[in-house]
Amino acid sequence: MATYVVGDVQGCYQPLQRLLDRCHFDPERDQLWAVGDFVNRGPQSADVLRLFRTLGASFRGVLGNHDLHLLAVASGTRPMKRRDTLQDVLDAPDAAELLNWLRHQPLALYERGYLMVHAGVVPDWDLATTLQCARQLEAVVRGPDSREYFEVMYGDTPEAFHESLRGWHRLRVITNVLTRIRFCSADGRLDLECKKGPSEPPKGMLPWFAHAHRRTRDVPILFGHWAAARGDTGNSTNVFALDTGCVWGEQLTALCLEDQRLTRCECGLLD
Ligand SMILES: [Mn+2]
């Protein structure tokens, strides 16, 4: 039995298939985990969702910012953006099943000693706080108030999480931490603008995983979202950056948890 954790697939169904072939992935025996952003920008979002859903108990995944965006668009609260490639999901004969499956995926997962999130965590969050915050957001995404939430989900404020935050503000900053963070300050202020690599932080900021006092530093963390990191977290250990820019013409990465080996597959969308 092996567990393969893949980076941001973003609708790149064919590279995903090639990667799984290369790993000799067997759904009867192995598990596939995905760090979020299953959909968008790539050509076959519906096929990716269908594959993941079909895997049933052999699949674990967390939602990314593009997955939440798809749910917002599908709920009718947000228009499609110019570069979105989500129409194949909305037009799919099984759209309702795919979207219902998607909205029941978690925002953070702790399993077999690994924490999996799409983007990251702030220094002040320990494992319990991270999971608690994720559960609060999941309840809303799955619940009767989800359309109301999707209307207020977008935005970069509040710039930091505080335990005293309530309501939509609290949920929005939780969303931004779990699905959008790259750089933050030591006291947890988010920079949601800079998309450069971890070695080029804005002034007063560090990559979220590089803060020395980060409360999750003893928990191995699997994450995606940061294509410019190219899988490289510098001197930071115990963090696994799995987005290697497949949808941008680079590579899709799978980490095997049992032997820590990386398998990569060229994007090759054009072949
Ligand atoms: Mn992302």
Side-chain angles (χ1 to χ4, degrees), residues 8 33-40 45 49 52-53 55-57 59-78 86 89-90 94-181 184 188 190 192 208 215-216 219 221-225:
D8 304 30
W33 294 11
V35 296
D37 282 357
F38 311 150
V39 300
N40 211 4
S45 293
L49 293 179
F52 288 173
R53 179 172 179 263
L55 287 173
F59 176 82
R60 298 279 187 281
V62 289
L63 297 176
N65 51 313
H66 285 285
D67 307 310
L68 289 174
H69 178 59
L70 167 58
L71 291 171
V73 169
S75 75
T77 52
R78 293 295 291 198
L86 298 167
V89 181
L90 304 180
D94 52 350
E97 288 88 348
L98 297 178
L99 291 163
N100 192 47
W101 173 85
L102 188 65
R103 67 193 252 142
H104 285 88
Q105 299 309 303
L107 268 298
L109 193 72
Y110 182 62
E111 201 162 315
R112 285 198 262 145
Y114 288 88
L115 173 64
M116 182 161 65
V117 289
H118 176 60
V121 293
V122 279
D124 203 35
W125 283 8
D126 58 14
L127 177 62
T129 308
T130 304
L131 295 174
Q132 218 170 57
C133 286
R135 298 299 93 94
Q136 283 174 3
L137 182 53
E138 287 156 16
V140 176
V141 169
R142 295 166 190 181
D145 297 331
S146 64
R147 296 190 71 228
E148 228 179 316
Y149 174 62
F150 290 135
E151 274 175 27
V152 296
M153 176 173 78
Y154 298 79
D156 295 350
T157 56
E159 66 172 357
F161 177 84
H162 293 290
E163 196 41 65
S164 62
L165 281 172
R166 292 288 176 266
W168 299 134
H169 283 109
R170 182 183 179 91
L171 292 168
R172 186 153 72 193
V173 72
I174 291 173
T175 306
N176 287 341
V177 172
L178 293 173
T179 72
R180 293 180 62 206
I181 195 172
C184 68
L190 311 182
L192 297 167
W208 65 264
R215 290 191 172 171
T216 47
V219 183
I221 301 182
L222 307 161
F223 71 102
H225 186 63

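Heavy-atom basis, side chains included; hydrogens, waters and symmetry copies ignored.
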Hey, are the side chains of [X] and [Y] touching, using non-hydrogen atoms and a 4.5 Å cut-off?
X    : Y    : result
R215 : T129 : no
V219 : Y110 : yes
T179 : D67  : no
R135 : P106 : yes
F38  : S45  : no
Y154 : H69  : yes
I221 : V117 : yes

Looking only at side-chain N and O atoms, does R172 offer a donor or acceptor that is under 3.5 Å from a partner on T157? yes
Those residues that, when tested against D126, pass salt bridge (charged side-chain N to carboxylate O under 4.0 Å, His left out) (two or more places apart): none
Strictly below 4.0 Å, N to O, side chains only: are R53 and E97 in salt-bridge contact? no
ring-ring contact (aromatic ring centres under 6.0 Å, His included) against [X], all qualifying residues, sequence neighbours excluded:
X    : result
Y149 : W168
W33  : none
H225 : H118

With a cut-off of under 6.0 Å to the ring centre and 45° to the axis, is R78 in cation-pi contact with F150? no
What one should report as the nearest heavy-atom pair of L137 and L171 is CA-CD2, 3.9 Å
Which pair of non-hydrogen atoms, one from S146 and one from V141, has the smallest distance, and what is that distance? CB-O, 3.4 Å
Pairing residues for N100 by the side chain to side chain donor-acceptor pair (under 3.5 Å) criterion, not counting sequence neighbours: none
Got a sec, which residues hit side-chain contact (heavy atoms from CB on, under 4.5 Å) with Q132, two or more places apart in sequence or on another chain? none
